Amino acid sequence: MIISSKVFMAQGTGVRSSSLLPSKAASRPSLLLLLLLLASSCTVHPARGEGLLTDGFTAVELSEAQFKVQKPYDVPLAERYELLAGGVRRMWVYATDKPITTAHPGGPRTEIKIELVYSSGVWQFEGYGYIPCGTSGASVMQIFGAAEHATTLMLHVYGGRLTYYHDVATGVVDAGIYDRWFRLNVVHDVAASNVTVFIDGERRLTMPGRGGGSHYFKFGVYGQSRNGMSYRMESRWRDVKVFTKCS
């Protein structure tokens with residue numbers, strides 16, 4: 001497991017400022033050099049790993065209808081989910097909330113299920129997440145589906161740490177996840193049966209898969225009883241995409 005620009009003032013010099021200016025012929029190379037330097041200093045450099053993780057993958061076109069919100073069955077959607085400016089999806093839930101249906105055994109959650117089921121190949125989730133300080137004891141992203149378990153991967157938050165399931169000792173994926181936008185990439189190679197997690201372009205975790213014939217991605221907040229959950233849990237997500245390639 002890998003947790004893994006100077007303005008010269010000729011004042012007070014006794015020298016006329018005009019004598020300090022080069023001739024037009026001499027100024028052209030210097031001007032060109034200055035422009036080149038300015039251009040290079042203003043170049044926008046991508047974040048570490050930006051784009052590299054999705055090289056060789058094909059983006060899957062997703063409709064808004066495929067982002068299905070699951071929330072406590074007894075409250076209106078607007079009381080647990082909102083779509084903010086810039087496409088930010090904000091989800092929150094309370095520890096005392098009901099499950100998503102009367103027959104569902106799971107805990108309180110407001111999650112988005114990406115309705116795209118896969119059973120082979122290599123698939124990648126990418127999204128920018130934000131977890132406010134105070135959210136704890138909650139799953140914020142998962143790969144649903146496994147042979148003997150409900151999920152192949154769950155990423156939990158405990159006291160500002162992003163962890164692999166409940167493993168707060170050796171499964172810490174990021175030790176300071178609160179109050180910042182982070183880029184999450186999760187690669188699931190079904191045939192090779194492994195899952196790799198990247199935070200801001202850096203590989204932080206590689207774990208074996210858990211089998212299963214079908215899978216899909218979910219993100220949001222889902223209260224976890226082990227290690228305790230905060231009364232209020234929230235996460236925000238934007239630019240969520242899914243990629244795939246043949247294994």
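Quick caveat, the model's predicted, so the values are computed rather than measured. Along the sequence shown, residues carry numbers from 1.
Here the CD-OG1 distance, from Glu79 to Thr110, works out to 11.0 Å after rounding to the nearest 0.5 Å. Atoms NE2 and OG, from His215 and Ser120 in turn, are 9.5 Å apart once rounded to the nearest 0.5 Å. In this structure, the separation between CE on Met154 and NZ on Lys218 is 8.5 Å, given to the nearest 0.5 Å. A distance of 10.0 Å separates CD1 in Ile131 from CG in Asp179, rounded to the nearest 0.5 Å. Taking CG from Asn194 and CG from Leu153, the interatomic distance works out to 11.5 Å, rounded to the nearest 0.5 Å. Atom CZ in Phe57 sits 9.5 Å away from atom CG in Asn185 (nearest 0.5 Å).
The minimum heavy-atom distance between Val221 and Ala138, with the atom names listed, is CG1-CB, 4.5 Å. The shortest heavy-atom contact between Met233 and Ser136 is CG-O, 3.9 Å. Minimum heavy-atom separation, Met229 to Pro108: SD-CG, 4.2 Å. When all heavy atoms of Arg236 and Pro132 are compared, the closest pair comes out as NH2-CG, 3.8 Å. Here the shortest heavy-atom pairing between Thr152 and Gly209 reads CG2-CA, 4.2 Å. A pairwise comparison of heavy atoms in Arg210 and Ser193 identifies N-OG, 4.3 Å as the closest pair.
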Verdict with supporting geometry, Thr54 and Glu126, side-chain contact (heavy atoms from CB on, under 4.5 Å): CA-CA 9 Å; Thr54 56; Glu126 180 180 75; 4.0 Å; yes
Worked verdict on Asp97 versus Arg80 for salt bridge (Lys or Arg N to Asp or Glu O under 4.0 Å): CA-CA 10 Å; Asp97 276 342; Arg80 295 296 183 271; 2.8 Å; yes
Residue pair His104, Arg109: steps toward the side-chain contact (heavy atoms from CB on, under 4.5 Å) verdict: CA-CA 11 Å; His104 200 282; Arg109 74 183 78 187; 3.1 Å; yes
Steps toward side-chain contact (heavy atoms from CB on, under 4.5 Å) verdict (Gln70, Ile112): CA-CA 6 Å; Gln70 298 178 330; Ile112 289 180; over 6 Å; no
Pair His166-Tyr158, side chain to side chain donor-acceptor pair (under 3.5 Å): steps then yes or no: CA-CA 9 Å; His166 307 287; Tyr158 293 106; 2.9 Å; yes
Residues Trp92, Arg232; criterion side-chain contact (heavy atoms from CB on, under 4.5 Å); working and verdict: CA-CA 7 Å; Trp92 64 100; Arg232 188 181 188 281; 3.5 Å; yes
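Cluster annotation: Ile100 and Phe217 are assigned to distinct hydrophobic clusters (Ile/Leu/Val/Met/Phe/Trp/Tyr, side-chain heavy-atom contacts under 4.5 Å, transitive). Put simply, Val140 and Met207 are part of the same group of oily side chains (I, L, V, M, F, W, Y) that touch within less than 4.5 Å, one to the next. Cluster annotation: Val240 and Phe144 are assigned to distinct hydrophobic clusters (Ile/Leu/Val/Met/Phe/Trp/Tyr, side-chain heavy-atom contacts under 4.5 Å, transitive). A chain of hydrophobic side-chain contacts below 4.5 Å, direct or via other Ile, Leu, Val, Met, Phe, Trp or Tyr residues, connects Leu83 to Phe219. Linking ILVMFWY residues whenever their side-chain heavy atoms come closer than 4.5 Å, directly or via other members, places Phe125 and Leu116 in the same cluster.
More than 12 heavy atoms of other shown residues, nucleotides or ligands fall within 6.0 angstrom of atom NZ in Lys113. Heavy-atom contacts from other residues, nucleotides or ligands closer than 6.0 Å to CZ of Arg226 number 12 or fewer.
With contacts defined as side-chain heavy-atom distances shorter than 4.5 Å, the pair Phe243/Trp123 does not qualify. By the 4.5 Å heavy-atom criterion applied to side chains, Val157 and Tyr178 are counted as neighbours. Two residues are said to be in side-chain contact when any heavy atoms from C-beta on lie closer than 4.5 Å; Val197 and Leu155 meet this criterion. The closest side-chain heavy-atom distance from Val186 to Thr196 is not below 4.5 Å. Using a 4.5 Å heavy-atom threshold, the side chains of Val172 and Leu162 count as separate. Contact of the Ile114 side chain with the Leu62 side chain is registered, since non-hydrogen atoms from C-beta on lie closer than 4.5 Å. Contact check for Met141 versus Ser235: no side-chain heavy atoms found under the 4.5 Å cut-off. Counting heavy atoms from C-beta on, the side chains of His188 and Val122 never come closer than 4.5 Å.
Comment: Asp174 engages Arg180 in a salt bridge, judged by a side-chain N to carboxylate O separation of less than 4.0 angstrom.
Taking the six-membered ring where tryptophan is involved, the planes of Trp237 and Phe182 are perpendicular, since the angle between them exceeds 60° and thus also 30°. Ring geometry, Tyr94 versus Tyr231: the interplanar angle falls from 30° to 60°, so the pair is classed tilted.
In this structure a side-chain-to-backbone donor-acceptor pair under 3.5 Å is missing from Thr163 to Val168. Side-chain atoms of Ser230 come within 3.5 Å of backbone N or O of Gly134 as a donor-acceptor pair. Checked by atom type and distance alone, the side chain of Lys71 pairs as donor or acceptor with a backbone atom of Val75 at under 3.5 Å. Panel note: side chain Gln66, backbone Glu115; a donor-acceptor pair is recorded below 3.5 Å.
The side-chain tip of Arg238 points at the ring of Tyr128 from less than 6.0 angstrom away and within 45° of straight on.
Side-chain contact of Lys241 with Gln124: a donor-acceptor pair under 3.5 Å is absent, judged by distance alone. Checked by atom type, the side-chain pair His156/Tyr222 shows no donor-acceptor distance below 3.5 Å. Between the side chains of Arg89 and Tyr81, at least one donor N or O sits under 3.5 Å from an acceptor N or O.
Within the structure, every pair that satisfies the side chain to side chain donor-acceptor pair (under 3.5 Å) test and touches residues 140-151, not counting sequence neighbours, is listed here: Glu111-Gln142, Thr151-Tyr165.
When each of Val242, Ile143, Thr244 is checked for a side-chain contact (heavy atoms from CB on, under 4.5 Å) with Tyr118, only Ile143 meets the rule.
In summary, the aromatic rings of Tyr130 and Trp181 are positioned with their centroids under 6.0 Å apart.
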